[in-house]
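Treat the numbers as computed from the prediction; the structure is a model and nothing was measured. Residue numbers run from 1 in the order of the sequence given.
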Amino acid sequence: MQRIPRRLIDRLRSLFSPVRRFRCPAIPCGWVGNLPAGDRSRDQPADGSNYIL
């Protein structure tokens, strides 16, 4: 995942719930979206596996 600049609507949303904007660098994927901002250790499962919200 690569962080990208937030849009105005993302900045407004962050007033209530902090989010960061990301995109998938894989060309076939093309996913772009927001994920919660915060402490990475809290956002990742205890077993170390990765997930997408």
Side-chain angles (χ1 to χ4, degrees):
M1 301 307 262
Q2 295 177 333
R3 281 191 64 187
I4 58 173
R6 294 181 294 173
R7 303 171 298 171
L8 177 61
I9 192 74
D10 300 330
R11 291 181 186 277
L12 294 173
R13 181 178 173 203
S14 285
L15 295 172
F16 304 100
S17 175
V19 295
R20 293 190 174 144
R21 190 153 183 86
F22 292 89
R23 76 175 175 92
C24 179
I27 292 171
C29 178
W31 180 84
V32 176
N34 295 322
L35 295 176
D39 182 18
R40 286 184 175 204
S41 62
R42 186 190 69 194
D43 293 341
Q44 293 179 354
D47 63 1
S49 61
N50 293 325
Y51 63 91
I52 296 178
L53 300 175

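Here salt bridge (Lys or Arg N to Asp or Glu O under 4.0 Å) pairs that include residues 24-38, with residues two or more places apart or in two chains, number zero.
Summarising the hydrophobic clusters (Ile, Leu, Val, Met, Phe, Trp, Tyr; side-chain heavy atoms under 4.5 Å, direct or chained), the residues clustered with V19 are none. Apart from I27 itself, the hydrophobic cluster it occupies contains nothing, where clustering links Ile, Leu, Val, Met, Phe, Trp and Tyr at side-chain heavy-atom distances under 4.5 Å.
Between M1 and C24, the closest heavy-atom pair is SD-CA, 4.2 Å. Across every non-hydrogen atom of S14 and R6, the tightest pair is OG-NH1, 3.0 Å. Closest non-hydrogen pair, F22 versus L35, comes out as CD1-CD1, 3.8 Å.
Using a cutoff of 4.0 Å between basic side-chain nitrogens and carboxylate oxygens, R7 and D10 are scored as salt-bridged.
In I9, the CD1 atom is not crowded: 12 or fewer heavy atoms of neighbouring residues, nucleotides or ligands sit closer than 6.0 Å.
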